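Note that ligands are numbered from 1 as they come in the structure, with each ligand's atoms numbered from 1 the same way. Only this structure's heavy atoms are used, side chains among them; waters, hydrogens and symmetry mates stay out. Computed from a predicted model, the values in this text were never measured in an experiment.
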Amino acid sequence: MTQQTGLEALSTESRRFDPPTELAAAANVKAEAYERAAQDRLGFWAEQAGRLQWETPWDEVLDWQPPFAKWFVGGRLNVAVNCVDRHVDAGNGDRIALHWVGEPEDDTRDLTYTELKRQVCMTANALESLGVSAGDRVCIYLPMVPEAVISMLACARIGAAHTVVFGGFSSQALVDRITAAEAKVVITADGGYRRGAPSALKPAVDEALERCPSVTNVLVVKRTRQDVDWVEGRDLWWSDAVDSQPEEHEAQAFDAEQPLFLLYTSGSTGKPKGILHTSGGYLTQAAWTHWAVFDLKPETDVYWCTADVGWVTGHSYLTYGPLANGVTQVMYEGTPDAGGRDRWWSIIAKYGVTILYTAPTAIRTFMKWGEDLPAKHDMSSLRVLGSVGEPINPEAWMWYRRVIGGDRCPIVDTWWQTETGAIMVSPLPGVTSTKPGSAMGPLPGIAVDVVDGEGVSVGETGGGFLTLSEPWPSMLRGIWGDDERYKDTYWSRFEGQYFAGDGAKWDEDHVLWLLGRVDDVMNISGHRISTTEVESALVSHPKVAEAAVVGAADPTTGQAIVAFVTVKGDVTDDESGAEGFVTELRNHVAKEIGAIAKPRQIVLSPELPKTRSGKIMRRLLVDIAERRELGDVTTLADPTVVTQIDETMGKLASKS
Ligand code: WT7
């Protein structure tokens, strides 16, 4: 068995696809870019920044006071003007910016760049009339509707930073983020559509705002027309506040380092971190990577990124990158199975999508649903396929290439993080060869290293920790309000290098393989959730004494959350019994964090396996959760605990 796995891995590593010559000839980026960028990294990035429209040019490309960076020092630009106005000014106002596809069938809207500009201007005026000005923060809690993109751009236009909170997060998560960011205005909707039915959003905001004194107004998009509670003076319908505004808005240029957004993400400890991104460097790398990695031809491409705006992918590759490049894109509101399990493929056929950017978890779901569904649709328009969010297993990669890409589209597996702001590691279509399951290597202008536990580079081949050894334009500028945590989290483990939190290895061809997180961060369907966060949510339940949470391998979601919980007193004499209590606990986690953090399984146990010094043995819990043969348990204080937990887990696993 072991031997066979080894051989498979070997054959995968040695299997490679070389770019066809036609593709190489037409590619945006040529192979020389790597060499040139390596020789003059700052010059390379200055050239890419030059693709944007600056009101004032920069004096210095990089001011690096480790670990604090300023890019394009002294330069001034307006991010929204770069994403919208300049395309209209260039005569492309009639080009579709967004083909928006609602979840209910036939509920669609097309916005040209001219129309997008009009709406962004009106929204910017509306925000200003509510007292929002440069330097303020606005919280956006919306479903996948055009107003999400419009709101982000309106904030950018007036120099206010947005903090988008994923619609799947709970009211409590909203409180944490609004409070930390001291947001002045919240933009939300009455609700959104989820699997055919309207689901509410505003009640979570109402509940949150009882505890958020910084918020003066709430703008509410009418999406589902369901009844909502209303606070007079605080709440405003989007249609009332925005539609009456002047259609022109004079945009001012801001410093390259003007905060553009905060995005909260899970770390290995404590509360989510507010990752800060600024304007000039961020937009430079988001726009250039979007153009280079997808070999984008803005005049002819129809690009579709399936990520939600609540995650960084929705920021860099749905809003800022594609719009800075002036391309036409699809934005879809719903789930992959709304209106049929072939909904995505019918959207691709209808709009002639040429570039698709999605996550491995989605691909694995489609594999389960079968090849017949994509085969029913004409997807010959596709020419580049992207993957992001977690390592893509070679089987899913091959399926994506064959079934979705008709064996003709290059696949770009893109590694990056909320913190990196934009893609860092990826092949380039037409330039780089690809191996199924590998992100291949750093992009031009990006310096990565794989180091051992002491921070010493492993050299050309070998495994260890992924680090970034030089600053990059779209790097986070810090953690909002916490410079110490910024230094500790990313810059203290290895001297002078950014520690990404991922394991990685170079194979014998010096090709890079990402091996998953090495910290307590789980990756569930490409979403980042920390074990400690879920543990805190569990122990905040009055009946929970102790909780240990692990990420266990899952064939569809990559990892799944498994929780081991000890309770105070006896829950089996509750009316609903132990099973009812487990449901109650899962809902409790959903309330504290959001439905995405609900454990797949919760194992109730009288005790948790601990070493004699009292440390919970997580490795062992992972083995139990993944139903592996248990190794040496002799270091445990009480080995019988394990046997019992393992049995309970076995029963749960056989049920699901
Ligand atoms: C973590 C970052 C990047 C936007 C979405 C997730 C994992 C991401 C890949 C990939 C292997 C990947 C890493 C990383 N990850 N892309 N192509 N191959 N792993 O952003 O929530 O900040 O999570 O996602 O573990 O550290 P995020």
Q. Does Ala439 have a heavy atom less than 4.0 Å from any atom of ligand 1?
A. no
Q.
Within the structure, is a non-hydrogen atom of Trp311 found at a distance of less than 4.0 Å from ligand 1?
A. no
Q: Quick one: do Tyr486 and Leu476 satisfy side chain to side chain contact (heavy atoms under 4.5 Å, CB included)? Show the steps, please.
A: CA-CA 9 Å; Tyr486 168 63; Leu476 74 166; 3.7 Å; yes
Identity and distance of the protein heavy atom lying nearest [atom]:
atom	result
atom 23 (O) of ligand 1	Arg528 CD, 3.3 Å
atom 1 (C) of ligand 1	Arg517 NH1, 4.1 Å
atom 3 (C) of ligand 1	Trp416 O, 3.1 Å
atom 7 (C) of ligand 1	Gly389 O, 3.3 Å
atom 11 (C) of ligand 1	Pro391 N, 3.1 Å

Q) Will you find, in the side chains of Tyr141 and Thr163, an N or O donor that is under 3.5 Å from an N or O acceptor? A) no
Q | Side chain to side chain, Gln417 and Tyr498, heavy atoms closer than 4.5 Å | A | yes
Q. Taking C-beta and beyond as the side chain, do Leu283 and Val79 meet within less than 4.5 Å on heavy atoms?
A. yes
Q.
Quick check on the 6.0 Å ring-centre criterion: do Phe366 and Trp345 meet it?
A. yes
**Q.** Ring centres under 6.0 angstrom apart (Tyr317, Trp416)
**A.** yes
Q: Just do the side chain to side chain donor-acceptor pair (under 3.5 Å) check on Tyr357 and Ser387 with the steps written out, would you?
A: CA-CA 6 Å; Tyr357 192 29; Ser387 173; over 6 Å; no
Is [X] close to ligand 1, meaning an N/O of one under 3.5 Å from an N/O of the other?
X	value
Thr418	yes
Val312	no
Thr414	yes

With heavy atoms of [X] as the reference, note each atom of ligand 1 found under 4.0 Å away.
X	result
Thr313	4 (C), 5 (C)
Asp413	10 (C), 17 (N)
Val388	3 (C), 4 (C)

Does only the side chain of [X] get under 4.0 Å from ligand 1, or the backbone, or both, or neither? Count heavy atoms.
X	value
Glu390	backbone
Asn523	side chain
Asp502	side chain

Q. Looking at Asp301, Asp295, Thr328, which one forms a side-chain hydrogen bond (donor to acceptor under 3.5 Å, both in side chains) with Thr354?
A. Asp301
Q: Scan Arg485, Glu419, Gln497 and name whichever one has a side-chain hydrogen bond (donor to acceptor under 3.5 Å, both in side chains) with Tyr490.
A: Glu419
Q: Tell me whether the guanidinium CZ or amine NZ of Arg477 lies under 6.0 angstrom from the six-membered ring centre of Phe68 and within 45° of its axis.
A: no
